[in-house]
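Report on one structure; see the data block that follows.
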Number of protein chains: 2
Amino acid sequence: MTSSRGYHHGDLRRALLAAAVEAIDEAGPTALSLRDLARRAGVSHAAPAHHFGDKAGLLTALAAEGFDLLAEALEAADDLLAAGVAYVDFAVRHRAHFEVMFRPELYRADDAELIAARGRSSAALRSGVATLSTDDASADTDRDALAAWSIAHGFATLWLAGALPDRVGADPHDAARTVLRRLFD
Amino acid sequence: MTSSRGYHHGDLRRALLAAAVEAIDEAGPTALSLRDLARRAGVSHAAPAHHFGDKAGLLTALAAEGFDLLAEALEAADDLLAAGVAYVDFAVRHRAHFEVMFRPELYRADDAELIAARGRSSAALRSGVATLSTDDASADTDRDALAAWSIAHGFATLWLAGALPDRVGADPHDAARTVLRRLFD
DNA sequence: GTGGCATCTTGTCAATGGCAAGATAGGATC
DNA sequence: GATCCTATCTTGCCATTGACAAGATGCCAC
């Protein structure tokens, strides 16, 4: 079905999103070009407009997809440390999605589908934090959630930016686990 | 000197960097246009090229300036908590610089001046961490530095992205202090 | 089989980045 | 003081892009 060579592509919307991931992995979201995506998918330069309206529309869809994938990854984690590591793993494995998700000026933050997906992510994060603070009456869940989110998000962002020194190593999974333990233990 | 209306601007390089900060504050680094900067500075569309070569050149200069400003801010902090809060304050007060600094695909990461400025920032951060770990022989300075950097960077990034829930409040300074204490106390 | 509609194409326009060639000014040298 | 010399800035140009408009195509309901 992906090789249907008629006038109709078959699943152009999906193909464009996949091409966008590829292009963003290569050169970042700034360099993204709708016409380039159209070329990658083998359609005319104006075809993407029908499915996404404009560039912001395409990135909105990509961000929503990203928040859904992130929610899945967080929900599969057993405890907070695992969730933190899963967060970093997600950022590395789905770099393109991640880079768009936290750049709201690139998409329409008021999109309904996106807000719903982001809500699922937030809920998964908060339920992870809840596993920590059951034994301590003085615990501040809000603060703990914010601290956990911050350290995981910060490590992931710095890793993707290539800002971390070489001595951290080449495996983000292990490095993240080591760093996150500093907060969670 | 800023109002010299002759053929020569006076200090076009500085004026363009200032205009870039303004433009990025308004619409993010992605929407930055060299021609728009030229218009803001009152010069022709090709004038910026002489000072910065191309867009990446201008953003390289902006990132280097940012790392210098960050180093100054970190060096003025007394302890690690203060450094963390200063890091977040810097990100909020110099949003445009910060947003470019950690997006290496936008500039030339091999620029000598930029590498030197980034080195000053890193040194300031590490010296802040050193104030923490003097009393504990089992302390892992590398890990602590990474954790501290991650949580400050993550909080700053999430704040700038508008990703934090409303209940965090409107003052990044106080909110950052509260969250960072979770790691540093 | 016919009409309707989603999908895709072609054509066009303004804006942008970048390059080339020329104009101007301010200072160095004599 | 005249002349060159070089950094600075301008004008002109081209390929690429995003967005829009109008038309072509094919699938599906009826």
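Since the model is a prediction, treat every value here as computed from it, not as a measurement. Just the heavy atoms: all of them, side chains too, but no hydrogens, waters or symmetry mates, feed the values below. Just so we're on the same page: letters track the sequence lines, and every chain starts at 1.
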Spacing of B/D54 atom CG relative to C/dT16 atom P, expressed in whole Å: 17 Å
Salt-bridged, A/D144 to A/R126, with N to O below 4.0 Å? no
Which heavy-atom pair separates B/L160 from B/V92 by the least distance, and what is that distance? CD2-CA, 4.2 Å
Of the nucleotides C/dG18, C/dA20, C/dT9, which has the atom closest to the A/A46 side chain? C/dT9
Would you mind telling me which of A/V21, A/D11, A/L37 makes a side-chain contact (heavy atoms from CB on, under 4.5 Å) with A/L16? A/L37
Are A/S33 and D/dT16 close enough that a side-chain N or O sits under 4.0 Å from OP1 or OP2? no
With nearest nucleotides of DNA chain C determined for A/H51 and A/R35 from heavy-atom distances, which residue corresponds to the more 5′ nucleotide? A/H51
Side-chain N,O (A/R39) to OP1/OP2 (D/dT16) below 4.0 Å: no
A/L59 CG to D/dG18 P, in whole Å, measures 11 Å
At under 4.0 Å between heavy atoms, what does B/R13 touch on the DNA or RNA strands: base, sugar-phosphate, or nothing? nothing
Starting at CG of A/L12 and ending at P of C/dC8, how long is that distance when rounded to a whole Å? 5 Å
Minimum heavy-atom distance between A/G84 and A/A152, given as atom pair plus value: O-CB, 4.2 Å
What contact category does B/H45 fall into here, base, sugar-phosphate, or nothing, at under 4.0 angstrom with non-hydrogen atoms? base
Tell me the interatomic distance from B/D36, atom CG, to C/dG17, atom C1', rounded to whole angstroms. 14 Å
Atom pair distance, as rounded to whole Å: CG in B/L16 and C1' in D/dT8: 12 Å
Report which part of the nucleic acid B/A47 touches: base, sugar-phosphate, or nothing (heavy-atom distance under 4.0 Å, all strands). base
On the 0 to 90° scale, with breaks at 30° and 60°, tag the B/H153-B/F98 ring pair as parallel, tilted or perpendicular. tilted
Write down the distance between NZ (A/K55) and P (D/dT17), rounded to a whole number of angstrom. 10 Å
Once you round it to whole Å, what is the distance between P of D/dA7 and CG of B/D11? 17 Å
In whole angstroms, the gap separating C1' of C/dC8 from CZ of A/F52 amounts to 14 Å
What is the nucleic acid contact for A/L37, judged by heavy atoms within less than 4.0 Å: base, sugar-phosphate only, or nothing? nothing
Between B/H50 and D/dT8, is there a side-chain N or O to OP1/OP2 distance below 4.0 Å? yes
